[in-house]
Amino acid sequence: MAGARRPMTDTRLTIPWFDPAPPSADECVIPRLIDRWAAETPDTIFIRFESGETWTWAEIRRRALSTAAALQARGVKGGDIVAAWAPNGPALLRAWFGANYAGAALAPINTSFRGRLLEHAIGKTGATLMIVHPDLAPRLQGLSLGAVKRLILTGPSGSTLDLPVQIEDAAALDGDPAACVPVEQHPWDPPVIIFTSGTTGPSKAVVTSYVQEWTTATVTYGYMVQSDRMLVNLPMFHVGGIAAITAAVACGGSVALFEAFDTRRFWDTVRETGSTVCSGLIGALTSFLMKEPPRADDADNPLRMVTLSPINEDTAALGKRFGFDYLSGFNMTEVSGPLICPVNDTVMRSCGRVRVGMQCRIVDDHDNEVPHGHPGELVIRADNPWTLFSGYLGDPDATAQAWRNGWFHTGDLMWRDADGSFFFVDRKKDAIRRRGENMSSLEIEIEVTAHPAVRECAAYGVDLPGGEQEVMVAVAPVDGAEIDARALVEWLIPRMTHFMVPRYVRVETTLPKTPTNKIQKTDLRSEGVTPATFDREAAGLVVRRQKLTVA
């Protein structure tokens, strides 16, 4: 049932560093920003790579123009898409900026993709030219490459490639900067096509705009100033990596670009690179860092602010232990930070409040708003054009389905309290229904990971014959620990609502993840109950609702 009608008062959160007015082309279009900083601060270092190599603003502009000239010489025109399949590094960065100078969008592809997933992504881009890391190229054997006619490898290949395309080496990206004819770009043009994480199904190709990427960057990382250095260890085929670099370009700051997050090396990397801000600690990464043994110099580091999620006890403790402030909120590839928390917010597990410039509602299956405190799907729309994604590339049906009734449907279940804070319940597709009871996989995971031996957990429903569903958890231990499945269930029974106690427990060394550290539940769910899975009922552990005597 729809909730009572509420007065239309604007209680949206104002962000000190963010102006919701639409940005001009000079403020948000990547080539224009690079031109500005290369003119104003040509010898200032813009980026430090993992190898230690550095490029100044003048150098990144020269390399971007060189790459753009090479792309144009190979037929890339304004409005085209260039596909790229490479890890964070010099080649991927210059491919992005070079494509933009040529008036094209870059479509970076997840480096973990193989087989049909990879084939699907390449086909979606419609790209005729693809830039590929040589170690990844052998995975292309036997696949349909869609419209791709030319492959440029970013380094020497150790394999003989038999592919039905023209293959060139890295020198093909070195064009004459003076030969580049920069294509004028507008705020509504797409700089990148970003594939969704694919945690609940095949990845969709999200068409973004310069306005959307600038807005995401400014909302999420707008505390960054020109003297800051952003440590980017989220992949550039993810919105976190793209937005973090965009934030540095927007303010003229600098970047330390690394391929991936490394728990044990994280703080050494922060100190060695002089990083003052960070692209993000997502999901279990805060827990991973908190479970590292304390050191006397924990707080002796230059990090001043971190964007992270979620806010929980580990978040607050991590900030205090290592001496940084934190910002949290909610975002996904298709939007631009619609929910944001105040700095150092202490509302546990909050996703934040609606920020100025956005509108958010919690609705039922028929798009009617539900009362505060009741779960429903988060739907979003923006005050200004181009702030949200422009559509799913090549998938008008999915675009229309997501934009029902003029609101973007996130697929995330949330509830909102009376003070305006939003709280995540689950992905709509991940919610578990057992014997008439609906439950959040997140709530189950919170309880399970509270066990001292559990490093990470995924809770999901598995289908049984007859249409029933049961709760299953996959767990991985902290370093040096072992998990006894029976003992874990016995530990959970007095701590959990009876219908949420897992029937099945699967113990693994590590759980499958996306490159942004989201657990791939689709992989686990598709494997179902494996032979090594512990079955609580088969083991004789019976869980019943407590019967109460009526007084």
Polar contact flag, side-chain donor to acceptor under 3.5 angstrom, Ser112-Asn110: yes
Under 3.5 Å donor-acceptor, Asp189 side chain and His186 backbone: yes
Backbone of Leu234 reached by a side-chain donor or acceptor of Asn88 within 3.5 Å: yes
Ring-ring centroid check Trp85 Phe237, cutoff 6.0 Å: no
Smallest separation among heavy atoms of Ala70 and Ala172, with atom names: CB-O, 3.1 Å
Sidechain-backbone polar pair: His120 side chain, Ser203 backbone, donor-acceptor under 3.5 Å: yes
Arg264 backbone acceptor or donor facing Glu292 side chain under 3.5 Å: no
Donor-acceptor under 3.5 Å (Ser209 side chain, Pro190 main chain): no
CG-SG distance between Leu71 and Cys180, expressed to the nearest 0.5 angstrom: 9.0 Å
cation_pi(Arg63, Phe97) dist<6.0 Å, angle<=45: no
Stepwise side chain to side chain contact (heavy atoms under 4.5 Å, CB included) check, Ile193 with Val206: CA-CA 5 Å; Ile193 310 295; Val206 178; 5.9 Å; no
Sidechain-backbone polar pair: Ser336 side chain, Thr387 backbone, donor-acceptor under 3.5 Å: yes
Value rounded to 0.5 Å, distance of CD1 in Ile109 from CG in Leu118: 6.0 Å
Residues Glu27, Arg32: salt bridge by 4.0 Å N-O rule: no
Under 3.5 Å side-chain donor-acceptor pair for Thr208 and Glu213: yes
From SG (Cys251) to CG (Asp228), nearest 0.5 Å: 7.0 Å
Carboxylate-amine/guanidinium proximity below 4.0 Å for Glu59 and Arg62: yes
Test item: Trp188 side-chain N/O and Tyr210 main-chain N/O as donor-acceptor pair under 3.5 Å: no
Working for salt bridge (Lys or Arg N to Asp or Glu O under 4.0 Å), residues Asp383 and Arg355: CA-CA 11 Å; Asp383 292 353; Arg355 68 164 173 84; over 6 Å; no
Rounded distance [0.5 Å steps], CZ in Phe330 versus OG1 in Thr410: 5.0 Å
Shortest non-hydrogen separation from His409 to Asp367 and the atoms involved: NE2-OD1, 2.8 Å
Basic-acidic side-chain contact under 4.0 Å: Lys204, Glu334: no
Geometric class of the Tyr221/Tyr223 ring pair [parallel <30°, tilted 30-60°, perpendicular >60°]: perpendicular
Verdict with supporting geometry, Asp395 and Lys124, side chain to side chain contact (heavy atoms under 4.5 Å, CB included): CA-CA 9 Å; Asp395 204 339; Lys124 277 287 182 188; 3.8 Å; yes
Short side-chain to backbone donor-acceptor contact, Glu168 and Ile152, under 3.5 Å: no
Atom pair CZ/CZ of Phe46 and Arg48 - distance to nearest 0.5 Å: 14.5 Å
Main-chain N/O of Ile45 paired to Trp57 side chain as donor or acceptor, under 3.5 Å: no
Nearest heavy-atom neighbours spanning Val29 and Pro187: CG2-N, 4.1 Å
Stepwise salt bridge (Lys or Arg N to Asp or Glu O under 4.0 Å) check, Asp35 with Arg61: CA-CA 7 Å; Asp35 287 349; Arg61 182 177 185 273; 2.7 Å; yes
Minimal non-hydrogen separation, Pro338 against Ile380, with atom names: CG-CD1, 3.6 Å
Ion pair Asp268/Arg265, N-O distance below 4.0 Å: yes
Cation-aromatic face contact Lys521/Tyr460, 6.0 Å, 45 degrees: no
Side chain to side chain contact (heavy atoms under 4.5 Å, CB included) between Gln72 and Val181, worked out: CA-CA 8 Å; Gln72 289 177 330; Val181 181; 4.3 Å; yes
Residue pair Thr533 / Thr530, side-chain donor-acceptor N/O under 3.5 Å: yes
Gap between atom OG1 of Thr276 and atom CZ of Arg229 - 0.5 Å precision: 9.0 Å
Minimum heavy-atom distance Ser279-Gly240, with the two atoms named: CB-O, 4.4 Å
Heavy atoms of other groups near Lys149 NZ, more than 12 under 6.0 Å: no
Closest contact, heavy atoms only, Ala459 versus Val473: CB-CG1, 3.9 Å
Working for side chain to side chain contact (heavy atoms under 4.5 Å, CB included), residues Val82 and Val76: CA-CA 8 Å; Val82 175; Val76 173; 4.0 Å; yes
Under 3.5 Å: donor-acceptor pair, side chain of Thr125, backbone of Ala127: yes
Output field: ring centroids Phe266/Phe261 closer than 6.0 Å: yes
Parallel, tilted or perpendicular, as decided by the 30° and 60° cut-offs, for the rings of Phe195 and Phe113: perpendicular
Worked check of salt bridge (Lys or Arg N to Asp or Glu O under 4.0 Å) between Arg525 and Glu527: CA-CA 5 Å; Arg525 191 183 291 111; Glu527 293 169 4; over 6 Å; no
Test applied, side chain to side chain contact (heavy atoms under 4.5 Å, CB included); reference residue, Asn100; option that passes from Ile30, Val183, Ile34: Ile30
Minimum side-chain heavy-atom gap Leu173-Ser66 below 4.5 Å: no
Stepwise salt bridge (Lys or Arg N to Asp or Glu O under 4.0 Å) test for Lys513 and Asp523: CA-CA 9 Å; Lys513 300 182 190 69; Asp523 294 353; over 6 Å; no
